[in-house]
Amino acid sequence: MIHTIIKNSIFCLLILFFFSCENDMEKVKLVTAKTKTPSETASNIDILYSDSAKVKVKVFAKKMDHYITDDPYLEMPEGIKVEFYDDTMHVTSHLTANYAIKHEKTNLMEARNNVIVVNEKGEQLNTEHLLWDENTERIYSPDFVKITTPDEVIYGNGFESNQTFTKYKILDIKGTISLKNER
């Protein structure tokens, strides 16, 4: 009798033990996940891009994190300012954004959050997402854009331009507002 009670008690304990074990995959992932940490971090950086000993682009960032992975990249989580120069070192346009990431293999920089580009004529582009292809010296966006000139404000989706923002086009114009005083 006591032998049967002990056997049944052990059996009940084993059943309780097996049913009380839980493998919540989200908890397991949190414990085993590798956190992404930068290989290098720098503050208040200036990067110069030159061609034939002439500065073409200057990049400023408060913070830059360098991630060395299969697809290495630079991340500027606190924003970026980019100045584009002509051959006489005159600033032809500048770009600012609250966040940027540059993919080193493709030389493609992606700017996000309050992206503003201003050219030397004072024309201004506003968008939330802009790509700069260093290889082709082009800037573009597949998203909503607003361009403000002295005469008008143009709204649209999709945008392409040279990096100095002097020759541009909006791919799908949604509206235009004239700023001229018509008398």
Side-chain angles (χ1 to χ4, degrees), residues 38 41-67 71 73-183:
T41 297
S43 299
N44 299 316
I45 60 114
D46 292 349
I47 301 172
L48 298 175
Y49 293 88
S50 62
D51 183 18
S52 303
K54 292 183 181 180
V55 175
K56 295 292 185 183
V57 179
K58 191 173 189 180
V59 177
F60 307 92
K62 289 181 185 176
K63 180 181 178 189
M64 183 187 74
D65 295 325
H66 187 203
Y67 293 87
D71 184 18
Y73 62 94
L74 300 170
E75 184 178 45
M76 285 70 63
E78 295 179 16
I80 190 168
K81 180 180 179 187
V82 181
E83 292 179 342
F84 298 96
Y85 296 90
D86 63 14
D87 290 339
T88 64
M89 284 295 296
H90 176 260
V91 176
T92 57
S93 64
H94 63 271
L95 176 153
T96 59
N98 293 343
Y99 171 86
I101 185 169
K102 180 191 178 223
H103 300 278
E104 293 183 305
K105 284 185 178 179
T106 60
N107 283 328
L108 186 67
M109 188 194 77
E110 187 173 356
R112 291 192 176 271
N113 305 330
N114 194 30
V115 182
I116 300 170
V117 181
V118 179
N119 66 19
E120 61 188 343
K121 294 187 278 183
E123 297 171 324
Q124 180 172 307
L125 165 74
N126 295 81
T127 187
E128 289 300 310
H129 181 215
L130 185 77
L131 296 148
W132 169 38
D133 187 332
E134 293 177 40
N135 297 329
T136 62
E137 297 184 351
R138 308 283 301 159
I139 58 175
Y140 58 95
S141 177
D143 298 325
F144 177 80
V145 296
K146 172 183 146 186
I147 296 178
T148 306
T149 72
D151 299 328
E152 62 188 356
V153 178
I154 309 164
Y155 299 93
N157 293 321
F159 162 84
E160 295 175 357
S161 175
N162 58 348
Q163 70 186 16
T164 57
F165 183 47
T166 54
K167 296 176 185 172
Y168 58 84
K169 67 179 177 178
I170 296 176
L171 303 178
D172 182 17
I173 294 177
K174 295 296 182 185
T176 303
I177 299 172
S178 178
L179 300 177
K180 291 181 184 179
N181 289 334
E182 295 182 21
R183 295 182 190 199

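The backbone N or O of His129 sits less than 3.5 Å from a side-chain atom of Ser141, completing a donor-acceptor pair. Distance alone, capped at 3.5 Å, is enough to place a donor-acceptor pair between the Asn135 side chain and the Thr106 backbone. No donor-acceptor pair under 3.5 Å is formed between the side chain of Glu83 and the backbone N or O of Val91. Judged purely by atom type and a 3.5 angstrom limit, Ser93 uses its side chain to pair as donor or acceptor with the backbone of Gln163. With hydrogens and angles ignored, the 3.5 Å screen pairs a side-chain donor or acceptor of Thr127 with a backbone N or O of Phe144. The closest donor-acceptor contact from the side chain of Thr92 to the backbone of Phe84 lies under 3.5 Å. Of the possible donor and acceptor atoms, one in the side chain of Thr149 sits under 3.5 Å from a partner among the backbone N and O of Glu152. In this structure, Ser52 contributes its side chain and Lys54 its backbone to no donor-acceptor pair below 3.5 Å.
A distance of 10.5 Å separates NZ in Lys56 from OG1 in Thr164, rounded to the nearest 0.5 Å. A distance of 5.0 Å separates CG in Asn126 from CD1 in Ile116, rounded to the nearest 0.5 Å. Remark: Asn98 CG to Thr96 OG1 distance equals 7.5 Å, nearest 0.5 Å. Atom CD1 of residue Ile139 and atom CG of residue Leu131 lie 10.0 Å apart, to the nearest 0.5 angstrom. With values rounded to the nearest 0.5 angstrom, Met76 atom CE is found 8.0 Å from Ile101 atom CD1. For the atom pair Leu125 CG and Asn119 CG, the distance stands at 10.0 Å (nearest 0.5 Å).
For the pair Val57/Leu48, no side-chain contact is recorded, criterion being any heavy-atom separation below 4.5 Å from C-beta on. The shortest distance between side-chain heavy atoms of Asn157 and Val145 does not fall below 4.5 Å. No side-chain heavy atom of Lys169 sits under 4.5 Å from any side-chain heavy atom of Ser161. Under the 4.5 Å side-chain criterion, counting only non-hydrogen atoms from C-beta, Asn162 is not in contact with Glu137. Contact annotation: the side chain of Val82 approaches that of Ile80 to within less than 4.5 Å [non-hydrogen atoms, C-beta and beyond].
For the 3.5 Å distance criterion, the side chains of Glu104 and His66 qualify, holding a donor opposite an acceptor. Side-chain contact annotation: Thr88 with Asp86, donor-acceptor N/O pair under 3.5 Å present.
A salt bridge links Glu134 with Lys102: at least one charged nitrogen is closer than 4.0 Å to a carboxylate oxygen.
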Show your reasoning for whether side-chain contact (heavy atoms from CB on, under 4.5 Å) applies to Glu160 and Leu171.
-> CA-CA 8 Å; Glu160 295 175 357; Leu171 303 178; 4.0 Å; yes

Thr41 vs Asp65, side-chain hydrogen bond (donor to acceptor under 3.5 Å, both in side chains): CA-CA, chis, key distance, verdict = CA-CA 4 Å; Thr41 297; Asp65 295 325; 3.0 Å; yes

Report the C-alpha separation of Tyr155 and Lys146 in whole Å, then their side-chain angles, then the decisive distance to 0.1 Å, and conclude whether the side-chain contact (heavy atoms from CB on, under 4.5 Å) test is met.
-> CA-CA 5 Å; Tyr155 299 93; Lys146 172 183 146 186; 3.6 Å; yes

Decide yes or no on side-chain contact (heavy atoms from CB on, under 4.5 Å) for Arg112 and Glu128, but give the supporting numbers first.
-> CA-CA 5 Å; Arg112 291 192 176 271; Glu128 289 300 310; over 6 Å; no

Would Val59 and Met64 satisfy side-chain contact (heavy atoms from CB on, under 4.5 Å), going step by step from the backbone distance to the final call?
-> CA-CA 11 Å; Val59 177; Met64 183 187 74; over 6 Å; no

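Annotation for Leu95 and Leu130: closest pair CD1-CD2, 3.3 Å, computed over non-hydrogen atoms. Between Phe165 and Val118 the shortest heavy-atom distance is CD2-C, 4.3 Å.
When ring centroids are compared, Tyr73 and Tyr67 come within the 6.0 Å threshold.
Ring planes of Phe159 and Tyr168: tilted class, angle from 30 to 60°.
Among pairs with a residue in residues 87-119, none fulfils ring pair (Phe, Tyr, Trp, His ring centres under 6.0 Å), at least two apart in sequence or across chains.
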